[in-house]
Amino acid sequence: MNWFINGGVLETQASLLGDGGKMWLKCLEKVSGNSCKIHHHYYQYIGSKRISKTWWRKLLVAWIVVWITVSVWIFWYMSSQAFEKRKETLASMCDERARMLQDQFNVSMNHVQAMSILISTFHHGKNPSAIDQRTFARYTERTAFERPLTSGVAYAVRVLHSEREQFEKQQGWTIKRMDSFEQNPVHKDDNAPKALEPSPIQEEYAPVIFAQDTVAHVVSLDMLSGTEDRENVLRARASGKGVLTAPFRLLKTNRLGVILTFAVYKTDLPSNATPKERIQATDGYLGGIFDIESLVEKLLQQLASKQTILVNVYDTTNQSCPISMYGSNVSDDGLKHVSALNLEDPFRKHEMRCRFKQKPPWPWLAITTSIGILVIALLIGYIFHATMNRIAKVEDDCHKMMELTKQAEAADVAKSQFLATVSHEIRTPMNGVLGMLHMLMDTDLDANQQDYVRTAQDSGKALVSLINEVLDQAKIESGKIELEAMQFDLRAIMDDVLALFSGKAHEKGIELAVYVSDGVPEMLIGDPGRFRQIITNLMGNSIKFTKKGHIFLTVHPVEEVMDSIDVETESSSLNTLSGLPVADRRRSCAGFKIFSREGSSHTLPPSSSDLINLIVSVEDTGVGIPLEAQPRVFTPFMQVDPSISRKYGGTGIGLSISKCLVGLMNGEIGFVSIPDIGSTFTFTAVFSNGCSNSNDTKQQKQRIKNQCNTTPSEFQDMTALVVDPKPVRASVSRYQIQRLGIHVELVSDLNQGLSIISNENRVFKMVFVEQEVWDKDSSISAHFVNNLQKIESGVSPKLFLLGNSLSSSRTSTATSGAYTLSVITKPLKASMLAASLQRAMGGNRGNPRNGEHPSLSLCNHLDGRKILIVDDNKVNLIVAAAALKKYGAKVICADSGKKAIKLLKPPHQFDACFMDIQMPEMDGFEATRRIRDMESNGRIPILAMTADVIQATYEECQRCGMDGSSSTSSPGLEWAGSSPEQ
């Protein structure tokens with residue numbers, strides 16, 4: 001069990017480690033498995049003193065050192081993984097910001113270039129010009145939203161020296177020097193271009209003639225008089241592309257910025273012009289001023305994580321001395337990432353450098369994981385050391401333990417033994433608890449005490465059911481689950497399911513019904529227990545999640561459904577058992593391979609004429625399954641929603657087990673669910689036809705029919721009338737009544753029924769009226785009863801009322817005037833109908849199995865019998881003895897296999913023996929073998945008592961000579977979770 005617990009911890013840790021961590025945990029599991037092998041070898045060698053204690057101490061020290069090293073490595077690995085992830089996050093965030101800055105810059109650059117074309121077209125291409133300073137200022141101001149990253153736009157015209165005088169007279173101002181403006185910059189509110197020096201004499205000039213209002217102070221400045229501006233202007237007109245300046249302090253704002261310059265050419269310049277042709281065709285220069293600090297700040301404000309990292313933008317044209325364009329160099333984290341910025345100027349290079357603002361957090365996941373693995377390793381070492389010390393102290397018992405350990409050498413055998421141990425150790429005390437509670441119920445208790453005991457019994461049964469489901473899931477995962485092949489009556493199983501859930505259906509006021517098609521054979525060959533388990537899981541879910549309406553279980557041959565699917569038309573959603581809308585069951589099996597063209601021809605082997613493929617549907621009007629939860633319905637241990645688990649309970653593995661069992665039966669399972677409407681689950685299963693021509697099968701069929709005795713001969717060929725306005729519910733009633741051999745006719749109201757009964761050519765022995773019809777109009781009901789008494793064609797038919805609630809069943813009869821009605825509470829079953837009809841019509845009581853308690857049958861078998869019970873558990877002995885004595889048996893108890901051998905030494909007077917399997921000193925298998933060896937003439941029946949649920953235990957019981965086994969720890973205790981068949 002310690003290894004099992006540690007394995008669960010390791011699986012939890014594995015989800016936190018990633019691929020590398022999982023690899024090491026697999027190694028840990030292998031090492032743990034090797035520890036078990038070392039444990040086994042220690043058993044073999046400790047008795048002969050071949051291994052000294054010093055060797056084990058060295059091994060333990062080596063174990064600790066190795067796992068300390070592994071823990072340190074895991075810490076280093078996970079820390080480096082966290083560092084790489086942090087690095088990738090920084091790179092992703094930095095690249096995202098660089099890309100956004102680059103994209104927004106390109107958009108603004110495209111608009112500036114478009115404006116240069118506009119000037120070429122409407123200023124230089126028209127005479128007189130269509131653009132002046134006022135027009136340009138208004139246009140640029142109104143279109144500023146298209147250039148969100150520019151702080152201003154200005155246009156400088158190309159003026160030759162020969163044209164300067166005329167140009168200055170025309171403009172009314174003198175061309176000013178740019179370098180004098182830079183040396184004595186104007187302030188924010190200072191517009192005094194006249195105080196600047198005139199531009200020196202040179203071959204050509206580039207005075208600004210148009211400017212946006214935000215940069216109107218640059219009007220009349222010669223762009224060619226500044227050193228860097230001159231270089232950019234000359235590069236722009238020669239290349240025909242946008243050219244950026246180096247970062248500099250903008251005039252007036254004193255913030256870092258750059259100027260993007262485009263040359264304005266004559267309209268007739270060809271696209272493939274040479275640089276010389278471009279220079280000659282140049283008319284002017286359009287510049288866009290970019291405030292880099294504001295640009296980056298606006299970009300960061302658009303991002304939710306702007307405060308997470310620090311951003312710096314650099315001009316790296318000169319790698320030895322990069323120019324900072326934005327940001328500060330202060331950072332607490334040494335991790336940084338550089339993203340290149342392509343601003344469409346091949347001459348200048350820019351990049352964005354990003355750092356995290358805060359230091360990286362402590363790698364708590366790596367710390368806790370490495371420490372957790374180290375703790376687990378130390379615990380394993382401690383367990384290993386403690387186990388070795390314990391083995392040394394019990395050296396005398398090692399040889400007996402060796403015989404037991406040999407049975408668990410293979411891994412599958414070990415897992416099977418684990419399942420058997422868990423089943424026995426949990427179910428055995430639960431059997432004692434439930435058995436004592438059952439015995440307590442036979443004592444004198446007041447109402448409160450009885451309620452307390454019933455509550456405890458229900459809780460115990462729920463726990464046993466949970467244990468069974470978990471063990472079934474474990475057997476499914478290990479591939480140990482197997483199906484039986486035995487003959488059974490499917491309709492009898494349906495009746496058992498109805499009986500199981502009828503109480504809860506009455507409590508909740510919902511209608512429960514079963515319908516089995518006439519095309520289903522009376523006898524089938526398969527595993528009835530597993531088939532019942534599937535239906536019980538589906539019906540249990542429906543009962544759990546349905547508050548009103550109905551639950552409808554149907555069984556049809558697949559061929560019958562396939563024939564009806566193609567011709568079936570869309571019916572009213574209210575044409576259901578209770579009248580409430582339901583989820584269309586045809587959609588629940590729409591994805592089945594058997595209904596596809598490919599699957600329909602390969603469903604059953606060509607030679608399997610005796611195979612029967614059934615389709616079973618469970619329809620309810622419950623809360624439905626939310627759409628987002630439907631894909632995980634069949635996932636083990638998955639609830640639709642945590643709130644569902646708290647409100648309704650359950651483990652979430654019933655449907656998973658059902659899906660596996662359906663697969664073993666060569667079937668498929670599916671569902672359709674509509675929230676607040678209901679759900680329909682449908683599955684198929686393949687069985688063999690039990691109604692073959694062999695004599696053995698006929699005899700088995702007749703034996704089972706005699707046991708069920710659901711068709712008394714006294715009702716054969718009688719005729720009954722069912723009054724029900726709902727076709728589906730009426731069909732269910734007809735199905736159950738016809739099982740008694742009675743001919744049934746259906747009508748929708750009392751008046752129609754009265755007209756049919758009044759026909760002298762028809763003789764009805766009984767009339768079944770739905771309570772809904774009876775309570776609808778009392779005057780019509782009274783009229784029906786009065787006319788029923790006036791029928792002159794012999795004895796008037798017996799009148800039965802079909803009720804669906806507890807209120808209708810508080811008394812077995814109801815009166816209407818002088819006429820007495822017999823009330824039959826649904827859900828309808830053939831055995832219950834037979835008993836009700838026999839009581840009402842004055843016949844015999846029927847088979848005692850239907851009318852009397854099963855204990856009478858047990859008393860006949862056990863009265864006066866001398867029985868030996870062998871069990872080392874005192875509680876089990878008390879419970880088993882009390883249960884058998886209750887039925888008249890004489891019980892002798894023994895607490896060990898050795899005592900059982902002495903008591904059963906011939907000659908003896910015992911009629912049967914119930915033998916526990918797991919006992920100290922001598923188990924039940926060995927005791928049975930020795931008892932069989934002593935027998936010469938007679939053979940006493942020996943029945944195994946075990947809580948194991950695996951096939952291997954059953955096979956071992958047969959090999960050692962036992963006559964049967966029970967899945968409970970005491971015989972005949974149905975309250976412990978076993979069925980009477982077990």
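Residue indices begin at 1 and follow the sequence shown. Keep in mind that the numbers below use all heavy atoms, side chains included, and drop hydrogens, waters and symmetry copies. Computed from a predicted model, the values in this text were never measured in an experiment.
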- prompt: Taking only residues two or more places apart in sequence, or in another chain, which ones meet T316 in a side-chain contact (heavy atoms from CB on, under 4.5 Å)?
  reply: Y314, Q319, P322, K349, E351, R353

- prompt: Between atom CD1 of I371 and atom CG of L378, what is the distance when rounded to the nearest 0.5 Å?
  reply: 11.0 Å

message: Quick one, V433 and V875 - any side-chain contact, counting heavy atoms below 4.5 Å?
response: no

- request: Identify the heavy atoms of G327 and N312 that sit nearest to each other, and give their distance.
  value: C-ND2, 3.5 Å

message: Just so I know, are the side chains of D871 and M945 near enough to count as touching, which here means a heavy-atom distance under 4.5 Å?
response: yes

- prompt: Is the closest side-chain heavy-atom distance between I669 and F634 below 4.5 Å?
  reply: yes

- prompt: Do R348 and L343 have side chains that get closer than 4.5 Å, going by heavy atoms?
  reply: no

query: What distance do C94 atom SG and L310 atom CG have between them, rounded to the nearest 0.5 Å?
result: 11.0 Å

statement: Here the gap from F356 atom CZ to K87 atom NZ, rounded to the nearest 0.5 Å, amounts to 12.0 Å

- line: In short, D527 meets L483 closest at the heavy-atom pair OD2-CA, 3.4 Å

query: Which distance, rounded to the nearest 0.5 Å, do you find between the CD of E293 and the CG of L256?
result: 5.0 Å

query: Are D872 and P920 close enough that some pair of their side-chain heavy atoms sits under 4.5 Å apart?
result: yes

query: Is there a donor-acceptor pair under 3.5 Å between the side chain of S80 and the backbone N or O of Y77?
result: yes

message: With a 4.5 Å cut-off on side-chain heavy atoms, are V311 and R355 touching?
response: no

message: If I compare all heavy atoms of K359 with all of R86, which pair ends up nearest, and what's the gap?
response: C-NH2, 3.8 Å

query: Please walk me through it: do M665 and R530 pass side-chain contact (heavy atoms from CB on, under 4.5 Å)?
result: CA-CA 9 Å; M665 295 179 183; R530 294 301 183 182; 3.8 Å; yes

field: Close side-chain approach of I917 to C957, heavy-atom, < 4.5 Å
entry: yes

query: Is the side chain of S679 donor-acceptor paired with the backbone N or O of S673 at a distance under 3.5 Å, no angle test?
result: no

field: Residue pair R97, M100: steps toward the side-chain contact (heavy atoms from CB on, under 4.5 Å) verdict
entry: CA-CA 5 Å; R97 285 154 178 76; M100 291 181 63; 5.7 Å; no

message: Side chains of H337 and D95: any donor to acceptor distance under 3.5 Å?
response: yes

message: In terms of relative ring orientation, are W362 and W364 parallel, tilted or perpendicular, with 30° and 60° separating the classes?
response: tilted

field: Closest non-hydrogen atom pair between G460 and L434, with its separation
entry: CA-CD2, 3.8 Å

- line: Taking every heavy atom of G654 against every heavy atom of N537, the minimum-distance pair comes out as O-ND2, 3.3 Å

query: Counting N and O atoms only, with roles assigned by atom type, does the side chain of S92 sit under 3.5 Å from a partner on the main chain of E88, one being a donor and the other an acceptor?
result: no

message: Restricting to non-hydrogen atoms, name the atom on G924 and the atom on M919 that form the minimum distance, rounded to 0.1 Å.
response: N-CE, 3.9 Å

query: Between OG of S459 and CE of M430, what distance do you get to the nearest 0.5 Å?
result: 8.5 Å

- prompt: Passes side-chain contact (heavy atoms from CB on, under 4.5 Å), I74 versus I373? Steps please.
  reply: CA-CA 9 Å; I74 291 175; I373 291 178; 3.3 Å; yes

Parallel, tilted or perpendicular: rings of F681 and F671 (30°, 60°): parallel

field: E668 side chain to K593 backbone, donor-acceptor under 3.5 Å
entry: yes

message: Donor-acceptor check, side chain of N106 to backbone of Q102, threshold 3.5 angstrom: yes or no?
response: yes

query: With distance as the sole test, does Q533 use its side chain to make a donor-acceptor pair with the main-chain N or O of S658 at under 3.5 Å?
result: no

- prompt: Going by heavy atoms in the side chains, are V338 and M352 under 4.5 Å from each other?
  reply: no

field: Candidate pair F545 and I625, rule side-chain contact (heavy atoms from CB on, under 4.5 Å), full reasoning
entry: CA-CA 10 Å; F545 296 107; I625 304 173; over 6 Å; no

query: Which distance, rounded to the nearest 0.5 Å, do you find between the CG of N342 and the CG of L101?
result: 11.5 Å

query: Under 3.5 Å, side chain of W63 to main-chain N/O of K58, donor-acceptor pair present?
result: no

